[in-house]
Amino acid sequence: MNQFSVATWNVNSLKTRLAHLTDWLRVSPVDIVLLQETKCEDASFPTMELEAAGYNLSFHGQKSYNGVAILSKYPIDETITGLPGNEGDDQARYIESVISLPDGAVRVASVYVPNGSEVGSDKFAHKMRFYDALSTHLSSLFTSEEPVIIGGDFNVGAYPVDVYDPKALDGTVCYHADERAKFRTLLHQGWCDTYRALQPAMQQFSWWDYRANAYVRGHGLRIDYLLTNPAATDRLISSHIDESLRQKEKPSDHTPVVATFSD
DNA sequence: ATGGTGGCGGGGCCA
(Lines give C-alpha, C1' and ligand atoms only; values in the text may rest on other atoms or scores of the structure.)
Protein backbone atom coordinates (compact mmCIF):
# COMPACT_ATOMS: atom_id res chain seq x y z
CA MET A 1 0.00 0.00 0.00
CA ASN A 2 1.31 3.40 -0.94
CA GLN A 3 1.40 5.94 1.87
CA PHE A 4 2.25 9.57 2.38
CA SER A 5 3.07 11.46 5.56
CA VAL A 6 2.34 14.99 6.74
CA ALA A 7 3.87 16.92 9.64
CA THR A 8 3.14 20.25 11.28
CA TRP A 9 5.79 22.08 13.29
CA ASN A 10 6.06 25.55 14.77
CA VAL A 11 9.82 26.07 14.41
CA ASN A 12 10.04 29.46 16.17
CA SER A 13 12.44 30.88 13.55
CA LEU A 14 13.26 28.75 10.51
CA LYS A 15 16.84 30.00 10.23
CA THR A 16 17.61 29.20 13.86
CA ARG A 17 15.98 25.76 13.54
CA LEU A 18 17.18 24.90 10.02
CA ALA A 19 19.70 22.25 11.14
CA HIS A 20 17.16 20.66 13.48
CA LEU A 21 14.67 20.54 10.61
CA THR A 22 16.99 19.10 7.96
CA ASP A 23 18.54 16.61 10.43
CA TRP A 24 15.05 15.45 11.39
CA LEU A 25 13.91 15.12 7.78
CA ARG A 26 16.94 12.95 6.99
CA VAL A 27 15.91 10.54 9.75
CA SER A 28 12.14 10.97 9.30
CA PRO A 29 11.60 11.81 5.62
CA VAL A 30 8.09 13.25 5.91
CA ASP A 31 6.51 13.92 2.50
CA ILE A 32 4.73 17.19 3.37
CA VAL A 33 5.83 19.57 6.14
CA LEU A 34 3.71 22.47 7.37
CA LEU A 35 5.76 25.09 9.20
CA GLN A 36 4.77 28.04 11.40
CA GLU A 37 6.65 30.99 12.88
CA THR A 38 9.29 30.92 10.17
CA LYS A 39 10.03 34.56 11.08
CA CYS A 40 11.71 35.35 7.79
CA GLU A 41 10.82 37.42 4.77
CA ASP A 42 10.26 35.62 1.48
CA ALA A 43 13.44 37.11 -0.01
CA SER A 44 15.57 35.47 2.69
CA PHE A 45 13.76 32.10 2.85
CA PRO A 46 16.37 29.27 2.95
CA THR A 47 15.27 27.95 -0.44
CA MET A 48 18.56 26.33 -1.45
CA GLU A 49 18.97 24.30 1.73
CA LEU A 50 15.41 22.97 1.68
CA GLU A 51 15.42 22.22 -2.04
CA ALA A 52 18.71 20.36 -1.51
CA ALA A 53 16.87 18.33 1.15
CA GLY A 54 14.47 17.24 -1.59
CA TYR A 55 11.49 19.53 -1.13
CA ASN A 56 9.37 21.79 -3.28
CA LEU A 57 8.40 24.95 -1.42
CA SER A 58 5.65 27.47 -0.92
CA PHE A 59 6.02 30.15 1.73
CA HIS A 60 4.44 33.31 3.05
CA GLY A 61 6.56 35.33 5.43
CA GLN A 62 7.21 38.70 6.95
CA LYS A 63 9.97 40.37 8.93
CA SER A 64 10.55 39.17 12.52
CA TYR A 65 7.14 37.68 13.26
CA ASN A 66 4.75 34.94 12.12
CA GLY A 67 5.40 33.32 8.73
CA VAL A 68 4.13 29.99 7.36
CA ALA A 69 5.49 27.55 4.78
CA ILE A 70 4.82 24.26 3.03
CA LEU A 71 7.53 21.73 2.08
CA SER A 72 6.60 18.89 -0.24
CA LYS A 73 8.47 16.02 -1.87
CA TYR A 74 5.71 16.05 -4.51
CA PRO A 75 4.95 18.93 -6.88
CA ILE A 76 3.14 21.95 -5.49
CA ASP A 77 0.46 23.33 -7.78
CA GLU A 78 -1.78 26.25 -6.87
CA THR A 79 -1.08 28.21 -3.67
CA ILE A 80 -3.15 30.71 -1.69
CA THR A 81 -1.42 33.06 0.78
CA GLY A 82 -3.39 34.84 3.47
CA LEU A 83 -6.60 33.60 5.04
CA PRO A 84 -9.53 34.16 2.65
CA GLY A 85 -12.11 36.44 4.26
CA ASN A 86 -9.46 38.01 6.49
CA GLU A 87 -7.90 40.34 3.92
CA GLY A 88 -7.58 43.32 6.26
CA ASP A 89 -5.12 41.33 8.40
CA ASP A 90 -1.60 41.68 6.98
CA GLN A 91 0.04 39.18 9.35
CA ALA A 92 1.51 36.12 7.56
CA ARG A 93 -0.46 33.34 9.23
CA TYR A 94 -2.00 31.20 6.48
CA ILE A 95 -0.88 29.38 3.35
CA GLU A 96 -2.72 26.69 1.40
CA SER A 97 -1.38 24.58 -1.47
CA VAL A 98 -2.54 21.76 -3.69
CA ILE A 99 -0.04 18.88 -3.84
CA SER A 100 0.09 16.40 -6.71
CA LEU A 101 0.60 12.94 -5.24
CA PRO A 102 1.19 10.00 -7.60
CA ASP A 103 -2.45 8.91 -7.32
CA GLY A 104 -4.22 12.27 -7.04
CA ALA A 105 -4.22 15.67 -5.44
CA VAL A 106 -4.43 16.66 -1.79
CA ARG A 107 -4.99 20.16 -0.43
CA VAL A 108 -2.96 21.17 2.60
CA ALA A 109 -2.73 24.35 4.67
CA SER A 110 -0.36 25.66 7.32
CA VAL A 111 -2.02 27.96 9.84
CA TYR A 112 -0.62 30.01 12.70
CA VAL A 113 -3.49 31.19 14.88
CA PRO A 114 -2.69 34.35 16.89
CA ASN A 115 -1.55 33.64 20.44
CA GLY A 116 -3.94 36.17 21.93
CA SER A 117 -1.46 37.52 24.49
CA GLU A 118 -3.92 38.04 27.34
CA VAL A 119 -7.63 37.31 27.73
CA GLY A 120 -9.59 40.51 27.12
CA SER A 121 -6.82 42.24 25.18
CA ASP A 122 -7.01 43.59 21.62
CA LYS A 123 -4.80 40.66 20.58
CA PHE A 124 -7.29 38.25 22.12
CA ALA A 125 -10.10 39.85 20.11
CA HIS A 126 -7.92 39.47 17.02
CA LYS A 127 -7.55 35.77 17.81
CA MET A 128 -11.34 35.38 18.05
CA ARG A 129 -11.85 37.15 14.69
CA PHE A 130 -9.16 34.99 13.10
CA TYR A 131 -10.99 31.89 14.28
CA ASP A 132 -14.24 33.17 12.78
CA ALA A 133 -12.59 33.70 9.39
CA LEU A 134 -10.84 30.33 9.65
CA SER A 135 -14.13 28.53 10.43
CA THR A 136 -15.83 30.17 7.48
CA HIS A 137 -13.03 29.27 5.09
CA LEU A 138 -12.62 25.72 6.33
CA SER A 139 -16.36 25.07 6.09
CA SER A 140 -16.00 25.72 2.35
CA LEU A 141 -13.27 23.04 2.11
CA PHE A 142 -14.89 20.43 4.35
CA THR A 143 -17.11 18.70 1.81
CA SER A 144 -14.46 18.64 -0.90
CA GLU A 145 -13.98 15.27 -2.50
CA GLU A 146 -10.24 15.88 -2.54
CA PRO A 147 -8.51 15.12 0.77
CA VAL A 148 -7.85 18.28 2.80
CA ILE A 149 -5.33 18.36 5.66
CA ILE A 150 -5.04 21.48 7.83
CA GLY A 151 -2.02 21.63 10.13
CA GLY A 152 -0.80 24.27 12.46
CA ASP A 153 -0.38 25.98 15.77
CA PHE A 154 -3.96 26.64 16.86
CA ASN A 155 -2.87 28.15 20.18
CA VAL A 156 -5.58 26.42 22.20
CA GLY A 157 -5.98 23.17 24.09
CA ALA A 158 -9.27 21.61 23.00
CA TYR A 159 -10.15 19.51 26.06
CA PRO A 160 -8.96 19.08 29.67
CA VAL A 161 -6.73 16.15 28.69
CA ASP A 162 -4.87 18.48 26.33
CA VAL A 163 -3.36 20.66 29.07
CA TYR A 164 -1.21 19.80 32.09
CA ASP A 165 -3.47 21.42 34.72
CA PRO A 166 -6.94 22.19 33.35
CA LYS A 167 -8.24 23.61 36.63
CA ALA A 168 -5.37 26.01 37.13
CA LEU A 169 -5.26 27.03 33.45
CA ASP A 170 -9.01 27.46 32.95
CA GLY A 171 -9.66 31.02 31.81
CA THR A 172 -6.07 31.78 30.85
CA VAL A 173 -4.91 32.41 27.29
CA CYS A 174 -4.76 29.22 25.19
CA TYR A 175 -7.24 27.53 27.51
CA HIS A 176 -10.13 29.98 27.89
CA ALA A 177 -13.66 28.67 27.30
CA ASP A 178 -14.19 31.16 24.44
CA GLU A 179 -11.10 29.89 22.61
CA ARG A 180 -11.97 26.25 23.20
CA ALA A 181 -15.42 26.95 21.76
CA LYS A 182 -13.91 28.55 18.64
CA PHE A 183 -11.61 25.58 18.05
CA ARG A 184 -14.35 23.06 18.75
CA THR A 185 -16.47 24.81 16.12
CA LEU A 186 -14.04 23.25 13.65
CA LEU A 187 -14.46 19.82 15.26
CA HIS A 188 -18.24 20.24 15.19
CA GLN A 189 -18.03 21.01 11.47
CA GLY A 190 -16.63 17.49 11.30
CA TRP A 191 -12.90 18.12 11.02
CA CYS A 192 -11.02 15.18 12.51
CA ASP A 193 -8.32 15.84 15.14
CA THR A 194 -6.12 13.06 13.81
CA TYR A 195 -3.99 12.55 16.93
CA ARG A 196 -7.03 12.42 19.24
CA ALA A 197 -9.04 10.21 16.90
CA LEU A 198 -6.39 7.50 17.13
CA GLN A 199 -5.34 8.01 20.77
CA PRO A 200 -8.65 8.81 22.50
CA ALA A 201 -7.32 9.11 26.05
CA MET A 202 -3.57 9.62 25.76
CA GLN A 203 -2.07 12.78 27.25
CA GLN A 204 0.79 14.13 25.17
CA PHE A 205 1.70 17.73 24.54
CA SER A 206 3.10 19.61 21.54
CA TRP A 207 4.27 22.81 23.27
CA TRP A 208 6.07 23.64 26.51
CA ASP A 209 6.96 27.17 27.64
CA TYR A 210 10.67 27.97 27.60
CA ARG A 211 10.25 29.47 31.05
CA ALA A 212 10.17 27.95 34.53
CA ASN A 213 11.55 24.55 33.45
CA ALA A 214 8.17 23.78 31.93
CA TYR A 215 9.41 20.88 29.77
CA VAL A 216 11.19 19.06 32.61
CA ARG A 217 8.15 19.54 34.84
CA GLY A 218 5.75 18.25 32.19
CA HIS A 219 3.94 21.57 31.99
CA GLY A 220 2.80 21.36 28.38
CA LEU A 221 -0.23 21.89 26.18
CA ARG A 222 -1.38 20.14 23.02
CA ILE A 223 -2.06 23.13 20.79
CA ASP A 224 -0.68 21.87 17.44
CA TYR A 225 -3.07 19.81 15.36
CA LEU A 226 -3.45 18.01 12.05
CA LEU A 227 -7.12 18.23 11.03
CA THR A 228 -8.68 16.27 8.16
CA ASN A 229 -11.88 16.47 6.14
CA PRO A 230 -13.80 13.20 5.54
CA ALA A 231 -11.97 12.43 2.28
CA ALA A 232 -8.65 12.61 4.17
CA THR A 233 -9.96 10.97 7.35
CA ASP A 234 -10.95 7.95 5.25
CA ARG A 235 -7.25 7.50 4.43
CA LEU A 236 -5.85 8.18 7.90
CA ILE A 237 -3.48 5.47 9.13
CA SER A 238 -1.61 6.95 12.10
CA SER A 239 -0.92 10.18 13.94
CA HIS A 240 1.64 10.85 16.63
CA ILE A 241 3.61 13.56 18.39
CA ASP A 242 7.40 13.37 17.93
CA GLU A 243 8.75 14.76 21.18
CA SER A 244 12.41 14.26 20.22
CA LEU A 245 12.74 17.73 18.69
CA ARG A 246 11.87 19.38 22.02
CA GLN A 247 14.79 17.57 23.67
CA LYS A 248 17.51 19.02 21.45
CA GLU A 249 19.94 21.83 22.27
CA LYS A 250 18.28 25.19 21.59
CA PRO A 251 14.94 23.63 20.67
CA SER A 252 11.79 25.21 19.40
CA ASP A 253 9.21 25.46 22.17
CA HIS A 254 6.96 23.27 19.94
CA THR A 255 7.52 19.73 18.66
CA PRO A 256 6.14 18.16 15.44
CA VAL A 257 2.85 16.34 15.00
CA VAL A 258 2.93 13.72 12.22
CA ALA A 259 0.23 11.74 10.42
CA THR A 260 0.34 9.08 7.71
CA PHE A 261 -2.27 8.38 5.05
CA SER A 262 -2.89 5.84 2.33
CA ASP A 263 -2.32 7.34 -1.11
C1' DA B 1 6.30 34.23 41.64
C1' DT B 2 3.00 39.78 37.09
C1' DG B 3 8.58 36.18 37.36
C1' DG B 4 10.61 33.03 34.19
C1' DT B 5 13.35 32.10 28.63
C1' DG B 6 13.99 32.63 23.70
C1' DG B 7 14.00 35.12 18.87
C1' DC B 8 14.56 39.27 16.54
C1' DG B 9 17.44 43.02 16.36
C1' DG B 10 20.01 45.91 18.58
C1' DG B 11 15.20 48.55 22.48
C1' DG B 12 11.14 46.64 23.12
C1' DC B 13 7.79 43.46 21.30
C1' DC B 14 5.98 39.02 20.93
C1' DA B 15 5.28 34.45 22.48
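To find a chain, count down the sequence lines: A is the first, B the second, and so on, and within it residues start at 1.
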Take atom P in B/dG3 and the same atom in B/dC13, then report the distance between them in whole Å. 15 Å

Could you give the distance separating B/dG12 and B/dT2 at their P atoms, to the nearest angstrom? 23 Å

For A/Tyr65, does the six-membered ring have the charged nitrogen or CZ of A/Lys39 within the cation-pi criterion, i.e. under 6.0 angstrom from the centroid and within 45° of the normal? no

Give me the ring orientation class for A/His137 and A/Tyr94: parallel if the planes are under 30° apart, tilted from 30 to 60°, perpendicular past 60°. perpendicular

Any Lys/Arg nitrogen of A/Glu96 or A/Arg107 sitting under 4.0 Å from an Asp/Glu carboxylate oxygen of the other? yes

Heavy-atom side-chain contact between A/Gln36 and A/Leu34 under 4.5 Å: yes

Over 60° means perpendicular and under 30° means parallel, so tell me whether A/Phe154 and A/Phe183 are parallel, tilted or perpendicular. perpendicular

Determine the Euclidean distance between corresponding C1' atoms of B/dA1 and B/dT5; express it in Å to zero decimal places. 15 Å

Answer yes when A/Arg222 and A/Asp193 have at least one side-chain N-carboxylate O distance shorter than 4.0 Å, and no when they do not. yes

Looking only at atom P, what distance separates B/dA15 and B/dG9, rounded to whole Å? 15 Å

Under 4.0 Å protein heavy-atom contacts per nucleotide of nucleotides 5-14 of chain B, with B for base, S for backbone only and - for none: BSBSS---BS

